[in-house]
Amino acid sequence: MGSKTPLFNKHHEAGARIVDFGGWDMPLHYGSQKEEHHAVRRYAGVFDVSHMTIVDLSGERATEFLQYLVANDVAKLKEYGKALYTCMLNTDGGVIDDLIIYFMSDTDYRLIVNAATRDKDLAWIRNQAGPYYVAVAERAELAMVAVQGPNARELAAPCIGAEYRKAALALKPFNGLRAGDMFVARTGYTGEDGWEICMPAAEAPVVWDRLLAAGVAPCGLGARDTLRLEAAMNLYGTDMDETISPLEAGLNWTVAWEPENRDFIGRTALAALRNSAGVQRFVGLLLEDRGVLRNQQKVIVEGVGEGVITSGGYSPTIGKSIALARVPSGDYDRAVVDVRGKLLNVRVVKTPFVRNGQIRINLWEKHDE
Amino acid sequence: MNELPGDLLFTKDHEWLRREEDGSVTIGITDHAQGALGDLVYVELPEVGQDIEEGGEMAVVESVKAASDVYAPMGGNIVAVNEVLADDPENINSDAYGDGWIVRMRPAGGIDESALMSPDEYQEFIDNLDD
């Protein structure tokens, strides 16, 4: 028996198939993963993400501490509620976890880290925070839901206190605000518009019921995974881990090299890798043959070398199999993947595969190229 | 839980078999199996005319979650495959014992019924599995 979120009984009521995820009993799906996936792309779905770990940091030197702790630069955050996606690295430049940091004030930040990495993250953060006298408070009493899809914000708005509703609806992407005892942010992990809402545990079942009554589909971890794969959003533990740097996981854009004198953990190792030849690429793959690409399958680029699929699966939106893969450096757009002993053809494509309900890749190769 | 069709036999690998009048055997995966796999997205079928040994890999069913081998419950020759599954693998989800059939095989020898379960026995078998 794993840990249960405040919404566990609601999942049961909705007919969820429950699976273990990082020690939590979480819904995999409520009948059909594909239907849930489509609901988010076409209308609205809600995910229980209460298993994720919310950590509040506060202290006079909180900004300085975070500038040292993570690879992106929190100095970019100047407005209240603004969010930053970043990796937290070890000294070798490997990824301890990826997280979102919300700026509340220059002495107060909210971090949202992964569930499966909770213990090591908290230990690492607390250990590093010591010299900065920054208070590290886990907010285990909070629940969190992600309401995602083109109609998500409109359908979820009635769950927000009336006096905050207008401001919540006016939030720009990657911004959040406090709404009474809730925290609402226009963020997500699906490639669709929507909100992530943190709230006291007791409120979560009420919000859940209201969303379902409004026609929002309950969605499980299965759909969450295919949605984020289509959106080419990395999953910690498969696309990157402590042995993989952000540079080999397609996360170069999350590393702030400027200002040059900002010393963050892992910078030295990362800078050496950045300047070395042959850093592996992180790419999207589209399967041209029939079949399904899966994690850990071998990618073979003739005359160049071999790589590996870090996240592979079936794309319900495209109707074909897609993958994220770490592959050798070089200029090529075709490869083969060893799928259960058969070599199947894949094309290297620019990600994301899908964003805001639209397929963003060319499904058919242009012959005039 | 829906009632299991009475004319089927079942394996411990969650496959079902139906003896046809012409001596062939139709084979698919059970409703319990499709439920555990989740939405099916791809089915790899054998060639018609292919000989398969007992326990040999006969088909692969892939769901949103994972790939799963379907093993031949007996040796024999493939006389028909459900081509519709190539485009509509979800037929296995919606109708595991009907439109979701996978292959029809002509058994090389007899069918060892002692290794197979009746609907009641299979129901008991899945009721006792740790879900």
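Order of the sequence lines fixes the chain letters, A, B, ..., with proteins taken first and strands second; residue numbering starts at 1 for each chain.
- Partners of A/Glu192 under the salt bridge (Lys or Arg N to Asp or Glu O under 4.0 Å) rule, at least two apart in sequence or in another chain, are A/Arg41.
- Residue pairs meeting the ring pair (Phe, Tyr, Trp, His ring centres under 6.0 Å) criterion with at least one member in residues 103-122 of chain B, sequence neighbours excluded: B/Phe10-B/Tyr122, B/His14-B/Tyr122.
- B/Glu44 touches chain A through its side chain: at least one heavy atom from C-beta onward sits under 4.5 Å away, while N, CA, C and O do not.
- With 3.5 Å as the limit, one finds no donor-acceptor pair spanning the side chains of A/Asp193 and A/Asn356.
- Outside the 6.0 Å centre-distance limit, the rings of B/Trp16 and B/His32 are not counted as a close aromatic pair.
- Residue pairs meeting the salt bridge (charged side-chain N to carboxylate O under 4.0 Å, His left out) criterion with at least one member in residues 112-121 of chain B, sequence neighbours excluded: B/Arg19-B/Glu113.
- Interface residue A/Lys342: only side-chain heavy atoms are found under 4.5 Å from chain B.
- Here the shortest heavy-atom pairing between A/Ser321 and A/Gly313 reads OG-O, 2.7 Å.
- Residue A/Arg294 touches chain B through its side chain alone, counting heavy-atom pairs closer than 4.5 Å.
- If you check the side chains of A/Ser311 and A/Asp239, you find a donor sitting under 3.5 Å from an acceptor.
- Remark: the backbone N or O of A/Leu251 is not paired with any side-chain donor or acceptor of A/Asn234 at under 3.5 angstrom.
- Contact annotation for residues 73-98 of chain B against chain A (heavy-atom separation below 4.5 Å, listed by residue number): B/Ala86, B/Asp87, B/Glu90.
- Residue contact with chain B, scored on non-hydrogen atoms closer than 4.5 Å, is absent for A/Ile18.
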